[in-house]
Amino acid sequence: MTPLSGVVSGLVADAFESAGLARDYGSTLPSNRPDLGQFQCNGAMAAAKKAGRNPRDLAAELVEKLEKQPIFSQVSIAGPGFINISLTDDFIAKHLAGLADDPRCGMPGPSEAMRVILDYGGPNVAKPMHVGHLRATIIGDCLRRIADFVGHDTKSDVHLGDWGLPMGMLINELELTRADLPYFDPASSGPYPSESPVTLEDLEALYPKAAAACKADPARLEAARQATAELQAGRPGYRALWQHFVDISIASMRREFDALGVHFDLYKGEADVHDLIEPMIADFKAKGIAEESSGALIVRVALPGDKKEIPPLILLKSDGSVMYGTTDLATIVDRVQSFHPELSLYIVDQRQHLHFEQVFRAAKLSGIDEGGALEHIGFGTMNGPDGKPFKTRAGGVMRLHDLIEMAHGQALTRLSEAGLAKDFDEEEKNVIARKVGIAAIKFADLSNERLTNYIFDLERFTQFEGRTGPYLQYTAVRIKSLLAKAEERGEHPGALLPPVDEERDLELLLAGFPDTVALAWGKREPHHLCDYAFRLAQAFSRFYQYCHILSDPNAELRASRLALAALTHRVLSQLLDLLGIEVPARM
Ligand code: ARG
């Protein structure tokens with residue numbers, strides 16, 4: 001169905017057209033000055049400038065036309081030529097009745113469905129996932145949910161870090177302590193044991209040890225480089241060992257992602273595109289965009305108008321090993337071959353912006369992207385109370401797993417403080433606390449503009465009041481229990497009657513759901529959904545406070561208000577689903 005803003009825009013566009021001006025100027029949105037009108041059109045100023053007319057005169061002419069529309073209750077001019085419009089209550093009720101019947105809560109299908117790749121999560125093999133990966137995971141998963149809902153054809157890829165120097169460090173570290181393992185015999189080409197020689201715990205201990213050794217000793221670093229180059233070149237023992245590392249890591253990552261309710265279509269990694277690298281480099285060379293420079297192979301990506309220096313992208317180092325940018329480019333080739341994406345979103349820390357700028361430029365230069373759009377969706381850091389990237393008390397990297405456990409613990413405390421879930425058994429309480437803890441983390445992360453840094457404050461995030469995930473969950477549960485109570489009494493949602501003030505506010509907000517989703521998707525900014533969800537919950541509270549629902553003596557009014565509560569519940573549930581937040585059955 002057409003969103004309410006679209007209906008109004010259409011009529012305003014008609015008015016512009018009949019004044020001999022382009023329809024585009026008629027674009028009208030929910031007003032941020034509801035005291036002046038429910039909707040606002042700013043097009044008269046630009047249209048007047050184009051036509052060489054006085055903007056207020058033009059606005060007055062348009063207002064005269066618009067006042068003839070029977071669905072508008074009020075049309076007025078403000079300032080230099082803003083047009084404010086309000087709708088009749090009858091029309092609002094009629095539109096809402098259509099919304100209540102629409103399974104997509106008023107969201108129209110996309111004008112053009114695109115094939116979209118979303119690259120997020122990005123954990124690295126053998127390293128525990130940390131809070132940086134948390135942001136990539138939460139924002140990426142939310143954008144994927146939004147894109148799916150809008151109607152695009154999406155594919156999500158975790159893009160494991162599994163082909164760089166850390167792999168050589170691990171191999172070298174293990175070789176020093178367990179030289180007897182068959183993987184290290186240069187004369188052997190397998191077969192190798194199917195059982196891994198190391199556990200996840202071993203692996204997680206091995207990496208920091210190897211990294212410290214490489215930092216302290218240049219010879220160790222050189223050996224790790226050598227092992228990386230041999231792994232990439234296909235040394236069978238190294239490949240077999242590496243496969244164990246990857247399998248163990250993926251199994252552990254899946255557990256974390258499951259806990260977060262996040263899913264990936266593809267568990268591909270940097271290594272998966274290894275065989276595409278050689279032909280890709282040949283193609284780059286043939287096109288004359290790869291050149292040698294002090295033994296390395298590079299692509300110059302700087303452009304004449306650059307404000308800051310963009311260094312060349314390194315395709316191959318002098319020892320022949322490939323770089324992060326090389327695998328990212330070959331991944332573009334892979335995705336184009338298998339999916340032909342029209343849009344690729346890379347949800348990765350903003351500190352990697354330069355890397356993506358280089359990769360995208362090299363992709364465009366070579367044409368390997370086949371014209372698909374490539375966007376880096378950056379985000380800021382999650383900081384501790386000291387304003388620095390979040391660490392454990394001991395100063396180490398905070399593991400994702402530990403963070404989720406902390407949130408769970410805090411959610412249990414909050415539930416008991418708020419007197420919620422108190423009569424439920426321990427198991428149910430735990431399930432609820434898990435959902436509340438995750439909701440707290442996700443909402444806090446998504447409710448900021450992506451690029452801002454924020455301070456991790458579990459105390460605040462888990463509160464059942466204010467702008468939090470738990471508050472929204474609680475609101476959804478409350479509305480649901482109201483609806484269930486009505487059902488028990490044999491009361492059903494019915495036809496919507498023209499609204500009183502609190503109802504009208506809520507209804508206009510509900511009608512704005514499709515605009516909000518379109519805005520969040522267009523800007524790739526989930527926080528618009530969070531703002532909107534919070535405003536919706538507050539508008540519902542006011543409605544609930546001032547309008548009797550079950551206790552009103554008038555049966556038609558009860559049925560109308562129940563219908564409004566039911567629609568609010570549906571829109572709020574849809575929003576929470578888009579944010580990746582699960583609502584407990586009860587609390
Ligand atoms: N593994 C990388 C990291 O931990 C993130 C990968 C992001 N995706 C990509 N296509 N480069 O920093």
Side-chain angles (χ1 to χ4, degrees), residues 116-141 143-144 154-170 203-204 207-208 211 228 242 245-246 249-250 252-253 256-257 262 264-274 276-277 280 301 313-315 322-336 338-339 341 343-364 368-369 372-382 389-390 397-400 450 524:
V116 186
I117 287 269
L118 295 103
D119 177 316
Y120 55 90
N124 300 312
V125 162
K127 295 197 218 172
M129 278 204 268
H130 58 72
V131 298
H133 298 122
L134 178 72
R135 291 214 71 189
T137 302
I138 293 177
I139 299 171
D141 177 61
L143 289 174
R144 182 188 62 79
T154 65
K155 261 207 191 348
S156 54
D157 181 10
V158 74
H159 199 77
L160 291 183
D162 61 1
W163 212 225
L165 184 60
M167 299 300 109
M169 291 180 171
L170 284 169
L203 210 53
E204 289 185 350
Y207 180 73
T228 311
W242 168 87
F245 296 166
V246 172
S249 296
I250 290 184
S252 117
M253 286 165 194
E256 312 285 3
F257 289 132
V262 171
F264 292 94
D265 298 311
L266 302 169
Y267 270 84
K268 286 203 163 192
E270 297 161 351
D272 280 295
V273 296
H274 187 74
L276 297 173
I277 291 176
M280 178 184 82
V301 291
L313 177 139
I314 303 173
L315 282 175
V322 306
M323 304 283 285
Y324 185 36
T326 327
T327 50
D328 259 329
L329 283 168
T331 302
I332 294 176
V333 174
D334 184 37
R335 289 172 181 168
V336 164
S338 58
F339 188 60
L343 171 65
S344 302
L345 301 182
Y346 294 80
I347 298 94
V348 186
D349 194 314
Q350 182 64 10
R351 288 173 291 185
Q352 294 192 25
H353 192 68
L354 179 61
H355 163 76
F356 286 107
E357 187 65 47
Q358 293 172 302
V359 169
F360 296 169
R361 285 184 181 198
K364 296 283 162 203
I368 56 168
D369 60 318
L374 305 167
E375 290 179 31
H376 174 215
I377 308 300
F379 51 80
T381 54
M382 181 174 120
F390 197 58
V397 197
M398 175 63 91
R399 289 170 181 230
L400 185 53
R450 272 191 280 114
R524 327 282 188 232

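All ligand and atom numbering here is 1-based and tracks the order in the structure. Count residues from 1 along the sequence. Only this structure's heavy atoms are used, side chains among them; waters, hydrogens and symmetry mates stay out.
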Using atom types as modelled and distance alone, determine if a side-chain donor or acceptor of [X] lies under 3.5 Å from a backbone N or O of [Y].
{"X": "Arg450", "Y": "Gly378", "value": "yes"}
{"X": "Arg135", "Y": "Gly380", "value": "yes"}
{"X": "Ser249", "Y": "Ala126", "value": "yes"}

Which class fits the ring pair Phe360 and Tyr346: parallel under 30°, tilted 30 to 60°, perpendicular over 60°?
tilted
Do the ring planes of Trp163 and His274 sit parallel (below 30°), tilted (30 to 60°) or perpendicular (above 60°)?
perpendicular
Among all the protein's non-hydrogen atoms, which is closest to [atom], and how far away is it?
{"atom": "atom 2 (C) of ligand 1", "answer": "Gly122 O, 3.5 Å"}
{"atom": "atom 6 (C) of ligand 1", "answer": "Tyr324 OH, 3.4 Å"}
{"atom": "atom 12 (O) of ligand 1", "answer": "Gln352 NE2, 2.8 Å"}
{"atom": "atom 4 (O) of ligand 1", "answer": "Asn124 ND2, 3.0 Å"}

Any atom of ligand 1 sitting under 4.0 Å from a heavy atom of Tyr120?
no
Is there a heavy atom in His133 that sits closer than 4.0 Å to ligand 1?
yes
From Thr327 atom OG1 to Leu160 atom CG, the distance as rounded to the nearest 0.5 Å
11.5 Å
Does any N or O of ligand 1 fall below 3.5 Å from an N or O anywhere on [X], backbone included?
{"X": "Asp119", "answer": "yes"}
{"X": "His355", "answer": "no"}
{"X": "Asp328", "answer": "yes"}
{"X": "Pro123", "answer": "no"}

By ring-ring contact (aromatic ring centres under 6.0 Å, His included), Tyr120 pairs with (sequence neighbours left out) Phe264
Going by the atom numbers of ligand 1, which of them fall below 4.0 Å from some non-hydrogen atom of Tyr346?
10 (N)
Under 4.0 Å from one or more heavy atoms of Val348, ligand 1 contributes atoms 7 (C), 8 (N)
Between the side chains of Asp369 and Lys364, is the shortest nitrogen-to-carboxylate-oxygen separation below 4.0 Å, so that they form an ion pair?
yes
Salt bridge (Lys or Arg N to Asp or Glu O under 4.0 Å) partners for Glu204, two or more places apart
Arg399
Heavy-atom distances under 4.0 Å decide this one: backbone, side chain, both or neither, for Phe356 against ligand 1?
side chain
